[in-house]
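Worksheet for the structure shown next.
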Amino acid sequence: MRKIINNEKTQNKVLVYDENIWTGRRTIKYDGIILTKINRNLYEYKNGEISEQFKIKGNLFSGTTITMFGNEIELERRLTWYEIVLSIIVFIPCIMFGLVGGVIGGFLGAINLLLIRQFNKIYFKIIVSVLFLAIGMLLSYIFAVLVFKIVFPYL
């Protein structure tokens, strides 16, 4: 996920925030300078005489904010309860097909969470979630049938 912000809260300088969805690794670039990581959620900006610490709170799922120069900037909004429920609905039925179904459902549920956050209308969120549910069930079913045919070839 990449967010680029340039407004009065960033002192009209470009703030680029990158977070890898799979590893959680973060990179922050402010005014063309990559910030030095001090600890897990604290980064330091040094440009000549100016030195400032940027503090990050949250993650992709609980919402992310960054505090810099006394301003708190929202990078990613907090998920609503129904977005979480819609993604769990994608995951739960796939578990019926065992471990691989659970992995498929978990993967599609996480991608569903990232995608439905982009839509404002709830009916788009529901349509996307139902699509991911159908894809997950279909993939899990196909995999289960293939494994069943391999384990029991004469049935």
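Nothing fancy with the numbering, it's 1 onward along the sequence. Predicted, not measured: the structure shown is a model, and the values here were computed from it.
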So do the side chains of I73 and I5 get within less than 4.5 Å of each other, counting heavy atoms only?
yes
For the backbone of N7 and the side chain of T10, can you confirm whether one donor and one acceptor N or O come within less than 3.5 Å of each other?
yes
By side-chain hydrogen bond (donor to acceptor under 3.5 Å, both in side chains) - contacts of N47 (at least two apart):
Y45
Give the cluster check for F119 versus V130: same hydrophobic cluster or not, with ILVMFWY residues linked at side-chain heavy-atom distances below 4.5 Å.
yes
Take V147 and K149, measure what side-chain contact (heavy atoms from CB on, under 4.5 Å) needs, and give me the verdict at the end.
CA-CA 5 Å; V147 168; K149 291 281 186 182; over 6 Å; no
Of all residues at least two apart in sequence or in a different chain, which pass the ring-ring contact (aromatic ring centres under 6.0 Å, His included) check with F143?
none
Which heavy atom in I116 sits nearest to a heavy atom in R77, and how many Å separate them?
O-NH2, 4.5 Å
ring-ring contact (aromatic ring centres under 6.0 Å, His included) partners of F148, counting only residues at least two apart:
F152
Apart from I34 itself, which Ile, Leu, Val, Met, Phe, Trp or Tyr residues share its cluster (side-chain heavy atoms under 4.5 Å, direct or through members)?
none
Counting C-beta onward and ignoring hydrogens, is there a side-chain heavy-atom pair between R117 and E76 closer than 4.5 Å?
yes
Using the rule that two of Ile, Leu, Val, Met, Phe, Trp, Tyr join whenever any of their side-chain heavy atoms come within less than 4.5 Å, decide whether L99 and V145 are in one cluster.
no
I need the minimum non-hydrogen distance between L133 and P93, along with the two atoms involved.
CD1-CG, 3.6 Å
Does the side-chain contact (heavy atoms from CB on, under 4.5 Å) test come out yes or no for Y30 and Q11, once each step is laid out?
CA-CA 10 Å; Y30 179 71; Q11 300 178 348; 3.7 Å; yes
Can you measure from CD1 (I33) to CD1 (I50) and round to the nearest 0.5 angstrom?
9.0 Å
May I ask you to check whether over 12 heavy atoms, not counting those of R25, lie within 6.0 Å of atom CZ?
no
Same apolar cluster: L131 and I92, side chain cutoff 4.5 Å:
no
Say you draw a straight line from OH of Y123 to CD1 of I126; how long is it, rounded to the nearest 0.5 Å?
11.0 Å
Cluster check I84, F91: I/L/V/M/F/W/Y, side chain < 4.5 angstrom:
yes
Check the pair V14 / I4 against side-chain contact (heavy atoms from CB on, under 4.5 Å), numbers first and verdict last.
CA-CA 7 Å; V14 177; I4 300 173; 3.9 Å; yes
Stepwise side-chain contact (heavy atoms from CB on, under 4.5 Å) check, R2 with V16
CA-CA 7 Å; R2 174 176 268 203; V16 179; 4.0 Å; yes
Looking at E19 and K3, is there a salt bridge between them, counting it only when a charged N and a carboxylate O are closer than 4.0 Å?
no
V100 side chain reached by S140 side chain, heavy atoms, under 4.5 Å:
no
Heavy-atom closest pair, residues C94 and G101
CB-O, 3.1 Å
Do V85 and I89 have side-chain heavy atoms sitting under 4.5 Å apart?
yes
Can you tell me how far the CG atom of L113 sits from the OG atom of S129, to the nearest 0.5 Å?
8.5 Å
Taking E52 for the side chain and F69 for the main chain, is one N or O donor matched with an acceptor at less than 3.5 Å?
yes
Give the C-alpha distance, both sets of side-chain angles, the deciding distance and a yes or no for salt bridge (Lys or Arg N to Asp or Glu O under 4.0 Å) between K125 and E83.
CA-CA 8 Å; K125 295 176 188 225; E83 290 173 331; 2.3 Å; yes
Reference residue E72; test salt bridge (Lys or Arg N to Asp or Glu O under 4.0 Å); the match among K57, K55, K9
K57
Inter-residue atom distance T80.OG1 - L86.CG, 0.5 Å rounding
8.0 Å
Would you say F132 and I122 are hydrophobically clustered, going by side-chain heavy atoms of ILVMFWY under 4.5 Å?
yes
My understanding is that only residues two or more places apart in sequence, or in another chain, count here; which of them pass side chain to side chain contact (heavy atoms under 4.5 Å, CB included) with I28?
L15, Y17, L35, Y43, I56, I66
Taking only residues at least two apart or on different chains, which pairs with a member in residues 95-115 satisfy ring pair (Phe, Tyr, Trp, His ring centres under 6.0 Å)?
W22-F107
Hey, does L79 have a side-chain heavy atom less than 4.5 Å from the side chain of S62?
no
Value for OG (S87) from CG (L114), rounded to nearest 0.5 Å, stands at 8.5 Å
R26 side-chain N/O to N41 backbone N/O, donor-acceptor pair under 3.5 Å:
no
With a sphere of 6.0 Å drawn around CG of N39, does it hold more than 12 non-hydrogen atoms of other residues, nucleotides or ligands?
yes
Roughly how far, to the nearest 0.5 Å, is the NZ atom of K37 from the CZ atom of F54?
16.0 Å
